[in-house]
Amino acid sequence: MNELFDVNGKVVVITGACGVLGSCASRYFASLGARVVLLNRERSVEKGRALAQEICAGGGDASFFVCDVLEEASAQEALQQVLARYGQVDVLLNAAGGNLSAANVAPDQSVFDLDIEAMKKVCDLNIFGTVIPTKVFARAMARQKKGSIINFCSMSSFRPLSRVAGYGIAKAGIANWTQWLAGELAMKYGEGLRVNAVAPGFILTEQNRTLLTNPDGSPTERTRQILQHTPFGRLLQPDEILGALHYLASDASKGVTGTIVTIDGGFNSFSI
């Protein structure tokens, strides 16, 4: 493999590692020889351990640690466990996040029906679920003078999408945080610390399944509208984000910081 893209031996920490995108990234980086750290909440212990065992059984190096990304003390404990086992942190992939249906505005609702508490939970999970682990794990990177942080934005980071009010606010915040932190870390700790994000297009996951598919599995009207505005004419697959993650995690992108890479089948650039 070209050394520019070599991540063999790098310690890649992934929050939300048991989700659709997190688990896909975990398997991929392990297949490249990275030492993968899977982080997820306590309720996902069995799932996380099973994923780590699967990766190790396939010849990879993976460890699972409990981490609540909304609790700084939990993230600190996870960091100490990572450092005790691997001694360093090279990449932090902030894949933890998600949405709640109660934070959406249904077709038969209006803004006046918004559930504020649900919106707060979605903003907390996505924004502070990224800020807190970054604050904790970036400290190890600052000591090393090198590290790559990769956040997850979305199509709603660039423009408001109907219905997903809370999620849109949160992901727009992640875009701003990515750009702000890129400057903050580089200017104070050196060019070796980089912060970027990926913005996946529409990928079917458990969290958006009720928005994108009917109970019988057929596409909803919302999905049909999305595909009409997607030049590819289809939903994206989870593994289609892997190339961008690989690039941002490796030295191939050592001159890149503060960017948001879209993987969307053309959705964000298409007008009419």
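We use all heavy atoms of the structure for the numbers below, so side chains are in, but hydrogens, waters and symmetry mates are not.
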Exercise for the section: Check whether any side-chain heavy atom of Thr134 sits under 4.5 Å from a side-chain heavy atom of Val131, and report yes or no. Expected result: no

Practice task
Could you tell me whether Arg234 atom CZ has more than 12 heavy atoms of other residues or ligands within 6.0 Å of it?
Solution key: yes

Handout entry: Lys47/Glu54 salt bridge by N-O under 4.0 Å criterion
Key = no

Exercise for the section: Take the angle between the ring planes of Tyr247 and Phe5 and call it parallel below 30°, perpendicular above 60°, tilted in between. Expected result: tilted

Exercise for the section: State the CG-OG distance between Leu161 and Ser156, to the nearest 0.5 angstrom. Expected result: 5.5 Å

Practice task
Evaluate the side-chain proximity of Tyr86 to Ser63: yes if any heavy-atom separation is below 4.5 Å, no if none is.
Solution key: yes

Exercise for the section: Say whether Asn99 and Asn104, considering side chains only, have a donor N or O and an acceptor N or O under 3.5 Å apart. Expected result: yes

Handout entry: Backbone of Gly98 reached by a side-chain donor or acceptor of Asn126 within 3.5 Å
Key = yes

Exercise for the section: Answer yes or no: is there an ion pair linking Asp251 with Lys146, defined by an N-O contact shorter than 4.0 Å? Expected result: yes

Problem - Backbone N/O of Asn40 and side chain of Ser44: donor-acceptor pair under 3.5 Å - result: no

Exercise for the section: Find out whether Gln88 and Val82 are in side-chain contact, i.e. whether some heavy atom of one side chain is under 4.5 Å from a heavy atom of the other. Expected result: no

Practice task
Output yes when a side-chain donor or acceptor of Asp216 lies under 3.5 Å from a complementary backbone atom of Ser218, and no otherwise.
Solution key: yes

Handout entry: Expected output: side-chain Asn196 to main-chain Ile260 donor-acceptor under 3.5 Å
Key = no

Problem - Gap separating the CG atom of Asp264 from the OG atom of Ser269, nearest 0.5 angstrom - result: 6.0 Å

Exercise for the section: Indicate yes or no: does Glu117 engage Lys121 in a salt bridge with an N to O separation below 4.0 Å. Expected result: no

Practice task
Please confirm whether the backbone N or O of Ser148 pairs with a side-chain atom of Arg194, one donor and one acceptor, at under 3.5 Å?
Solution key: no

Problem - Check: Phe270 main-chain N/O paired with His229 side-chain donor or acceptor under 3.5 Å - result: no

Problem - Residue pair Ser26 / Ser23, side-chain donor-acceptor N/O under 3.5 Å - result: no

